[in-house]
Protein chains: 2
Amino acid sequence: MLSKKAQYAFRALTHLVENYRKGPVLIADISKKKKISLKFLESILLELKKNDILDSKKGRGGGYFLKEHPSQTYIATVIRIMDGPISMLPCVSLYFYQRCKNCDEKKCGLHDIMENVRDATLKILEHRTLQDLVN
Amino acid sequence: MLSKKAQYAFRALTHLVENYRKGPVLIADISKKKKISLKFLESILLELKKNDILDSKKGRGGGYFLKEHPSQTYIATVIRIMDGPISMLPCVSLYFYQRCKNCDEKKCGLHDIMENVRDATLKILEHRTLQDLVN
DNA sequence: TAAAAGCCTACTTGTTTGGTAGGCTTTATT
DNA sequence: AATAAAGCCTACCAAACAAGTAGGCTTTTA
């Protein structure tokens, strides 16, 4: 399951897509509109900024906004930033790979199954973008 | 990601598939062969028994064994017992559904995407069985 | 120069994960 | 009937993580 953090991130990003190119949006505005704890949201947006999904402007008239066009940011990217691996096993993860102990990948049946699941999942999540959040 | 518990469960189940119809297998044997902490494994097997995946015999000559033929137990079933929901959002889960607050499922873009992911995932996990763990 | 806004560090609280300890109960064998 | 083998049950524990809070610092613009 996606963490609350990731779910909030998507709610916030949806708002930013809806207000794309209308100038910076206040954290407080997003917090109110989407009913997300202000301080928690603050840390989420900052993390998204540090990972090049968002950009911000400080001081009066500042706020957050999307760094790129909504169609350029993939859902998979956001999930990886917020929650880490998408795969069900470390040994099939593309971005967070870890060898499994006591198990030979060549002849591990679960490995194969989970590789299939990963491919099917990524086929969706690496093609859908923030644009798809608003239809 | 699958929890260690679920991963251990699959390792243990693999062993039980390999020894299907050779009589009850000792927890201690599985623990040694698959290098899983004995006591932790004990609780895992018990949980699988309570959920009708395994059966056991007590006393001397006892042990654990599969309740049904390996081809009759789906990977998805085991995951749900060990880890709960497979879906990425509560509002798209079939077995653990929960309405999401502050979000209208009819017009929530993320909902649609995650429904697709769920379908793609279950298409695999609800067709592969314990038999597939050993090729 | 003051107010607005994001940035940063630290803390808190509750839950989950992964595991350990120890005794109880059932059962097959002698 | 006794005993040893085996699973069953209850309780506990430490570390990590999730979700959120608090409060002050820095930058920017009017």
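Quick caveat: nothing in here was measured; it's all calculated off a predicted structure. Within every chain, numbering begins at 1; the chains are lettered A, B, ... in the order of the sequence lines, protein sequences first and strands thereafter. Just so you know, these numbers use all the heavy atoms, side chains as well, and skip hydrogens, waters and symmetry mates.
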Tell me the interatomic distance from [X], atom [atom1], to [N], atom [atom2], rounded to whole angstroms.
X: Leu41(A); N: dA5(C); atom1: CG; atom2: C1'; answer: 14 Å
X: Ile44(A); N: dA19(D); atom1: CD1; atom2: C1'; answer: 9 Å
X: Phe40(A); N: dA22(D); atom1: CZ; atom2: P; answer: 15 Å
X: Met82(A); N: dC17(D); atom1: CE; atom2: P; answer: 16 Å
X: Leu2(A); N: dA19(D); atom1: CG; atom2: P; answer: 11 Å
X: Leu26(B); N: dA28(C); atom1: CG; atom2: P; answer: 14 Å
X: Gln7(B); N: dT17(C); atom1: CD; atom2: C1'; answer: 12 Å
X: Ile27(A); N: dA4(C); atom1: CD1; atom2: P; answer: 15 Å

Any side-chain heavy-atom pair from [X] and [Y] closer than 4.5 angstrom?
X: Pro90(B); Y: Gln7(A); result: yes
X: Glu47(B); Y: Lys50(B); result: no
X: Lys5(B); Y: Phe40(B); result: yes
X: Phe10(A); Y: Leu2(A); result: yes

For the pair [X] (side chain) and [Y] (backbone), establish whether a donor and an acceptor sit closer than 3.5 Å, ignoring hydrogens and angles.
X: Asp83(B); Y: Ser3(B); value: yes
X: Thr77(A); Y: Thr73(A); value: no
X: Arg118(A); Y: Val92(A); value: yes

Next on the checklist: Categorize Leu45(A) for me: base, sugar-phosphate, or nothing, with a 4.0 angstrom heavy-atom threshold over every strand shown.
Outcome noted: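 No contact.
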Taking only the side-chain nitrogens and oxygens of [X], find out if one of them lies under 4.0 Å from OP1 or OP2 of [N].
X: Tyr8(A); N: dA19(D); value: no
X: Ser37(B); N: dT20(C); value: yes
X: Lys49(A); N: dC7(C); value: yes
X: Tyr64(A); N: dA5(C); value: no
X: Ser56(A); N: dA5(C); value: no

Checklist entry - Of all the nucleotides listed (dG18(C), dG6(C), dG20(D)), which has the minimum atom distance to the side chain of Lys4(B)? => result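 Comparing dG18(C), dG6(C), dG20(D) against the side chain of Lys4(B), the answer is dG18(C).
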Next on the checklist: Heavy atoms from C-beta onward define the side chain here; which of dC8(C), dC8(D), dT20(C) lies closest to that of Leu46(B)?
Outcome noted: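 The closest nucleotide is dC8(D).
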Next on the checklist: How would you summarise protein contacts on nucleotides 23-30 of chain D per nucleotide, using B for base, S for sugar-phosphate only and - for none, with heavy-atom distances below 4.0 Å?
Outcome noted: BB--SBSS
